[in-house]
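Letters A, B, ... mirror the listed sequences (proteins, then strands); counts begin at 1.
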Protein chains: 2
Amino acid sequence: MSFKRMNPLALAVLALLAERPMHPYEMAQTMRERHQEEVIKLNYGSLYTVVEQLAKHELITASATQKAGNRPERTVYAITDTGTAELHDWLRELIAVPAKEYPRFEAGISMVGLLPPDDALAVVEQRCAAVDEQLTALAVLLERLAGMGLPQLAWIELDYRMAMLRAERAWLTWFATATREGAVGGYDHWEGKHR
Amino acid sequence: MSFKRMNPLALAVLALLAERPMHPYEMAQTMRERHQEEVIKLNYGSLYTVVEQLAKHELITASATQKAGNRPERTVYAITDTGTAELHDWLRELIAVPAKEYPRFEAGISMVGLLPPDDALAVVEQRCAAVDEQLTALAVLLERLAGMGLPQLAWIELDYRMAMLRAERAWLTWFATATREGAVGGYDHWEGKHR
DNA sequence: TCCCAAATACTCGGTGCCGAGTATACGCAC
DNA sequence: GTGCGTATACTCGGCACCGAGTATTTGGGA
């Protein structure tokens with residue numbers, strides 16, 4: 001049975017090993033330093049599972065078990081040729097084919113009619129504020145990264161996320177206004193039910 | 001131990017039972033009819049697990065086991081008062097507080113530098129086309145729903161999704177152009193590496 | 001009236017994922 | 001030199017989730 005592309009953490013592992021051989025714990029460190037854990041969910045349990053999985057399918061191989069000082073043994077892994085091929089192919093797929101995801105907010109907003117309009121307005125405004133905060137935090141981060149001389153390509157995913165957050169904020173603002181003015185289609189019935 | 005809000009499917013169950021008592025299979029049917037399964041992942045295994053969970057915490061109760069015709073027994077559930085409270089509170093949280101999610105595309109685009117610029121351009125253009133298709137499909141669906149006399153509030157989540165898709169398309173278009181023209185920050189180094 | 005496809009209603013074994021826990025080693029203070 | 005907090009490196013039990021599979025019933029065509 002061939003390798004199944006599920007946990008994106010496996011992709012991150014391949015990408016890291018494409019740079020140089022590492023042991024799992026070092027991968028985690030590196031991902032933290034580079035703020036990759038903001039884009040790909042990282043935790044130890046999954047990391048070791050995923051590494052084992054990749055090794056089983058020979059996309060990576062245990063290249064050495066070193067012993068520095070008196071610390072416990074560490075297994076250092078290296079990427080194989082099939083691994084490199086898999087990395088590129090997976091990456092292409094991830095970008096080219098939009099995956100079906102289920103954002104929590106979509107689920108929430110689809111049922112907003114269950115809340116009285118006042119409450120709905122309040123929570124939407126709360127979210128709008130939260131999104132605004134994330135947006136300014138991101139702007140600050142971008143400023144810092146650019147200031148450090150990092151090229152745009154190094155933080156392109158943040159650029160994307162900012163664009164998405166801006167779009168969400170715009171939509172939230174529209175919805176809040178429409179609700180406040182009773183201008184959202186079906187408002188009368190909505191308002192009537194909750195009285 | 002109190003009820004843990006994890007699977008949004010549980011929220012859908014509460015919402016359906018807020019309308020009228022149902023048995024699990026009927027919930028699935030109703031969700032399908034209303035295209036709710038596009039917003040909330042539905043499958044039988046999870047459905048029955050989630051219903052059991054809700055019952056254990058007394059957010060819903062088995063109100064009857066009917067036997068229509070000679071079919072197997074069906075357990076009909078009804079929402080309780082605590083259940084209704086939970087529904088509203090969960091809904092408020094879901095809308096007000098942006099959840100940390102890990103969209104696959106962000107993971108992918110963050111590593112786009114590993115692909116040669118030509119390949120990158122190609123896959124981004126593929127995605128752009130795919131997003132475009134989704135967008136027109138959505139537009140058609142909206143047309144139909146509005147034509148059926150459904151108020152905007154009934155398909156507000158599709159409105160939101162369209163806004164997000166439009167934003168993504170815009171970003172993809174920008175990135176494709178920038179790549180084609182070598183205008184993305186760090187392009188020279190990128191192009192140099194892959195030769 | 002007989003047969004078969006589709007619908008009904010649910011079950012259950014397997015798998016991925018998680019994160020708190022463990023155990024050792026290093027470094028710094030006093 | 002001894003105590004203690006932090007860093008290193010990994011493990012393991014458990015739980016949510018999944019979806020193919022099962023068993024029965026209904027409907028409709030030949």
Please report, to 0.1 Å, the donor-acceptor pairs under 3.5 Å made by any side chain of residues 93-101 of chain A, with sequence neighbours excluded.
residue : atom : partner : partner atom : Å
A/E93   : OE1  : A/R5    : NH1          : 2.6
A/E101  : OE1  : B/R104  : N            : 3.4
A/E101  : OE2  : B/R104  : N            : 3.4

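- In this structure, B/Y77 places its OH atom 14 Å from P of C/dA9, rounding to the nearest Å.
- Contact between the side-chain N/O atoms of A/Y48 and the OP1/OP2 oxygens of D/dC10 is found at a separation under 4.0 Å.
- With DNA chain C read from its 5' end, the first of the two nearest nucleotides for A/M6 and A/L42 is the one closest to A/M6.
- Within the structure, a side-chain polar atom (N or O) of B/Y25 is placed less than 4.0 Å from OP1 or OP2 of C/dT8.
- In this structure, B/Y160 and A/E106 have side chains that are in contact, with non-hydrogen atoms separated by less than 4.5 Å.
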Atom pairs, N/O to N/O, protein against nucleotides 18-21 of chain D, distance under 3.5 Å?
residue : atom : partner : partner atom : Å
D/dC18  : OP1  : B/K41   : NZ           : 3.3
D/dC18  : OP2  : B/N43   : ND2          : 3.3
D/dC18  : OP2  : B/S46   : OG           : 2.7
D/dC18  : O5'  : B/N43   : ND2          : 3.2
D/dG19  : N7   : B/G45   : N            : 3.4
D/dG19  : O6   : B/G45   : N            : 3.3

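- Considering only residues two or more places apart in sequence or on other chains, A/A178 meets the side-chain contact (heavy atoms from CB on, under 4.5 Å) condition with A/W174, A/A183, A/V184.
- Cation-pi geometry between B/R74 and B/Y25 is not met: the NZ or CZ atom fails to fall both under 6.0 Å from the ring centre and inside 45° of the normal.
- For residues 136-150 of chain A, the set of pairs meeting the side-chain hydrogen bond (donor to acceptor under 3.5 Å, both in side chains) definition, not counting sequence neighbours, is empty.
- In this view, A/N7 satisfies the side chain to side chain donor-acceptor pair (under 3.5 Å) rule with no residue, not counting sequence neighbours.
- If you take CG of A/L54 and P of C/dC17, they are 12 Å apart, rounded to a whole angstrom.
- Computed from coordinates, the A/M22 CE to D/dC10 C1' distance equals 18 Å when rounded to whole Å.
- Within the nucleic acid shown, B/Q29 comes within 4.0 Å of sugar-phosphate atoms alone, with no base atom in reach, counting heavy atoms only.
- One can place CG of A/L47 at 15 Å from C1' of D/dC12, the figure rounded to the nearest angstrom.
- The list of ring-ring contact (aromatic ring centres under 6.0 Å, His included) pairs with a residue in residues 110-159 of chain B, not counting sequence neighbours, is empty.
- If you take CD of A/Q53 and P of C/dT15, they are 10 Å apart, rounded to a whole angstrom.
- A/R5 places its CZ atom 16 Å from the P atom of C/dG16, with the value rounded to the nearest Å.
- At whole-Å resolution of the value, CD1 in B/I40 and C1' in D/dC17 are 16 Å apart.
- One atom, CZ of A/R74, and another, P of D/dT11, lie 14 Å apart when rounded to the nearest Å.
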